[in-house]
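See below for the structure under consideration.
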Amino acid sequence: MMAGKPLRAGLIGCGGVSREHAAGAHQAPGVELVALADIYQPNLDVAGTAYGIDRKYLDFREMITAEKLDIVLVCTQADTHAPVVIEAARLGVKGILCEKPIGVTLEEADRMIDACNEHGVRLAINHQTRMIPSTVAASRAIASGAIGELRGARMLDKGGRPAGNSLMELCTHVFDLLRIYAGVPAWVSGHMTVGPRGQDPSSASPQRDATVADIAFSQAAWPTDRDCGLVIGDRASATFGFGPDAELGHSGFDAHLHSYFQPIKSSSGGFWHPSIELLGTDGVMFLGGTSNHVDVFVHHGPWAPPGVLVEIVPTEADHRMCRSHNVERAPFHASMVDELVHAVLEGHEHRSSGVDGRWALEMIMGMYESHRHGGARVSLPLQARTHPLERWLSETGTPIPEKPSTGSKPLSLERARS
Amino acid sequence: MNGAVLRVAVVGHTNRGNFGHAMDTAFSRVPGTRIIAVADQDESGRNAALVRTGAGKAYADYALMLRSETPDIVVIGPRYCDSHEELIMEAIGRGVRGILCEKPLASTLDSIDRIQGACRSSGTTLLMAHRSRENPYVHWAQKMIREEIGPLRAMRGHGKSDHRVGMEDTVVLGLHVFDQMAFFAGAPEWCAGHVTVDGRDLVASDGRDGPEGIGKIAGNQVNAYFAFPDGVVGHWESSKGDRPGASWYGLELHGERGIIALRNLPDGEVYRYPHGHWMPDPNAGAWERVTIDEWDRDDDGVVRTSLQRTDESNRRHATALRDLLVNGGTRDDVSTIREAEVALEMTMGPVLSHLRGCRVAFPMDVRTNPFDMLHASSLG
């Protein structure tokens, strides 16, 4: 099936994250990256040179039509994901890999998924931890009883930015990863606080509950971030209730999240890595790392030290599950593209589907909805699909905060992504 | 009272909570005090207590003991907390100046309110045997928060998860952890809870009388979230653990620059980690066990057994009560009625929050058992 002509892929949005998507497309079998699109000519030129692509377009719609693309990789800012994905689906592409988060509102995510369903397009959201062999190995270990029955989970978000921003940038990965093992959350109770800013971590205390006056656009809250819409909070905590899941073999549990703003690097030389601790009746599984690398350890019994940590090492079968056995660099982005090619050609959903991506956003928006209602337990999926913070502003007669005008910036492919 | 030997009377109730966790001998090694009498309705229990304490007299009737002996201090030993209010009120009525009470103080907040009112009006000093604040490890952890790992961000408590898993674990053992949380972060401002029975959400009709007079309880999995002043948050979990012999019981303190794990105190182990987030990576640092000989070993350098640690804990409480009666003042290494109130609110708040489906502010508006309140159609 894969021996035919490679699928033709185009990349939309030549910002920093396009680097991983381009590398993935170059390395994945069965696909050829043939064209780039960006509304900003300097970015387009730099990316064209870096990625070795000479077909470049200022209008992505023109690119899709002229290049007869099968696949597009959407690397634009989050608030433009919906119009780009919906238009690409309408123009006849067969598969779309969209950078996370899926969008900035659930209403956008709904429209993206509906449009792709209507046009028979496979939509994938770039939560690449699903394609990391160690996370597959973790599923296998849990299924084989490594920690007994799952009875709880603790999540820690990365701390390099205010929690409101981090939820959309990094925690979306954490939520997506938890769902592999936990299933579908039934409800959430959220709590956001803010504190003084500074380079001394101690200045992050004391905190106070975030109010409607603390709502800001992501780039106003943390100027180096991408546009992720309205955000709130320096720290965030949440409890998610997961109901019984026969397929995953648990009878329901609660999962706690902490997201702290840690403005400086820790003494160990870096920001924290996002992590999940899965508490079972017979031990604890620890999954920690980054969006591109996850270490998995198990310790039997409740506490790690003084007990022995056992690393869960992926098998060749786990690698095959992740389609990462045939790529050397940027394997997980290549695996995401490879999986999309298979999804398109074989007619199945991508293992990081649009619906999965929407669930991660659902969990974030649920936290906001709960916080603005005093931490009330809020059922998921949410009934109201517009942004909870926008509704909070509207219902209190608070003006929408000013959105920073960032414009298009010259692309630096060397800029470190956090 | 300065210079005088304080007269101590002890009450227990064999087969109804006995003398609690060796409460009858709490004053055995406290200078400036003397155990003069014990009371127990059960003859064999009474006689055994007489031998253990070396008291001169034994009574079957508690009230008669109070009338006859006019003690300065009364030790309330029975674990059954539904008897505590009556025993305390009787002692206050007989002019007792100091009371050391087994935990929990009461099964309801309104009972604590009445006890608090009586103590205030009579000037009686009441200390709770919560067995946490007197522990040197707890004070070491507080010092570490101030000097090395702070500010404190979060606390994670986990129940023992034995046969009592769920609300019984929360009421009986969570109380110690909640008292520790309040010690480190102050009294919580509100809580949110989720309680399940075999995986389904608890409903009010699940409430059943718990053991040892703790009132109505229900649920074999409890999750609670507490908001403390200055943005410090606390989690409590009591969920099923199947591994034989493993105790999940303990509290982790997560600071900006480190973590401290108080595991299964007073008999367990204490660890510290040099970063604010644990990573199982040798390059990130290692957990280090902390030992404090003052607690772990007796005066002869011999490692204390579990029972000896309980005795030492009781001795410290008893000594603190004597000192407060003799010298006055306040101290932070013991729990008073206020700490008992906070700890009981932290056990009752999560279930009330669960039944209401929203946060519960402290002090709680519901002062009786939440399950009883439902029957009175008073739940919001």
Side-chain angles (χ1 to χ4, degrees), chain A residues 148-149 151-152 154 156 159 187 189 191 193-195 201-202 204-209 234-235 237-239 241 243-244 250-254 256 258 260 262 266-269 272-273 275 277 279-283 286 288 295 297 299-306 309 311 373-377, chain B residues 150-154 156 158 161 190 192-194 196 198-201 221 223-225 227 229-233 235 237 239-243 245-250 252 254 256-257 261 263-264 269 271 273-281 283-289 353-354 357-359:
Chain A
E149 184 189 339
R151 302 302 291 163
R154 299 163 174 165
L156 184 68
W187 55 264
S189 174
H191 181 212
T193 63
V194 296
S202 64
S205 295
Q207 297 274 304
R208 61 167 174 79
D209 278 11
D234 288 347
R235 293 185 189 176
S237 298
T239 303
H250 67 73
S251 55
F253 63 88
D254 288 5
H256 299 297
H258 282 176
Y260 304 113
Q262 176 84 353
S266 73
S267 53
S268 59
W272 306 321
H273 292 163
S275 66
E277 289 175 75
L279 283 65
T281 52
D282 196 34
F286 180 92
D295 292 318
F297 292 87
H299 55 85
H300 295 290
W303 308 105
L309 285 165
E311 184 168 10
H373 285 111
R377 201 182 301 164
Chain B
L152 186 63
R153 279 193 309 234
R156 286 174 171 176
H158 204 294
S161 295
W190 54 263
H194 182 220
T196 57
D198 297 332
R200 68 161 172 84
D201 275 14
Q221 179 152 323
N223 278 275
Y225 175 84
D230 297 337
V232 179
V233 300
H235 287 291
E237 303 156 335
S239 56
K240 186 181 173 188
D242 279 345
R243 192 170 177 80
S247 174
W248 292 78
Y249 188 40
E252 284 190 355
H254 293 246
E256 298 272 5
R257 296 182 293 274
R263 293 173 187 167
N264 199 22
E269 298 167 353
Y271 293 86
Y273 187 74
H275 306 297
H277 174 214
W278 172 58
M279 290 290 292
D281 173 355
N283 297 322
W287 287 94
E288 175 194 358
R289 185 170 177 184
S353 166
H354 170 90
C358 61
R359 290 177 186 168

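By convention in this document, chain letters (A, B, ...) are assigned in the order of the sequence lines, proteins followed by strands, and residues within each chain are numbered from 1.
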Look at B/Lys240 together with A/Glu149 and state whether they make a salt bridge at an N to O cut-off of under 4.0 Å.
no

Side chain from CB out, backbone as N, CA, C, O: work out which of these in B/His194 comes under 4.5 Å of a heavy atom of chain A, or both, or neither.
both

Between A/Leu279 and B/His158, does the side chain to side chain contact (heavy atoms under 4.5 Å, CB included) criterion hold? Intermediate values first, please.
CA-CA 11 Å; A/Leu279 283 65; B/His158 204 294; 4.1 Å; yes

To the nearest 0.5 Å, tell me how far B/Glu237 CD sits from A/Asp254 CG.
8.5 Å

Given a strict heavy-atom distance threshold of 4.5 Å, which part of A/Glu277 is in contact with chain B: side chain, backbone, both, or neither?
side chain

Which heavy atom of B/Gly193 sits nearest a heavy atom of A/Arg377, and at what distance?
O-NH2, 3.0 Å

For B/Arg156, which atoms come within 4.5 Å of any heavy atom of chain A: side chain, backbone, both, or neither?
side chain

Where does B/Ala261 contact chain A at under 4.5 Å (heavy atoms): side chain, backbone, both or neither?
neither

Are A/His258 and B/His254 an aromatic pair, judged by ring center distance below 6.0 Å?
no

Take A/His256 and B/Asn223 through the test side chain to side chain contact (heavy atoms under 4.5 Å, CB included) and record every step on the way to the result.
CA-CA 9 Å; A/His256 299 297; B/Asn223 278 275; 3.4 Å; yes

Report the C-alpha distance between B/Trp248 and A/Arg151 in whole Å, list the side-chain angles of each, state the deciding distance to 0.1 Å, and finish with yes or no for side chain to side chain contact (heavy atoms under 4.5 Å, CB included).
CA-CA 13 Å; B/Trp248 292 78; A/Arg151 302 302 291 163; over 6 Å; no

Report yes if some heavy atom in the side chain of A/His191 is under 4.5 Å from a heavy atom in the side chain of B/Arg359; otherwise report no.
yes

Under 4.5 Å heavy-atom distance to chain B, tell me which part of A/His250 shows up: side chain, backbone, both or neither.
neither

Show your reasoning for whether side chain to side chain contact (heavy atoms under 4.5 Å, CB included) applies to B/Tyr225 and A/Ser189.
CA-CA 10 Å; B/Tyr225 175 84; A/Ser189 174; over 6 Å; no

Least distance between heavy atoms, B/Gln221 atom then A/Phe253 atom:
NE2-CA, 3.7 Å

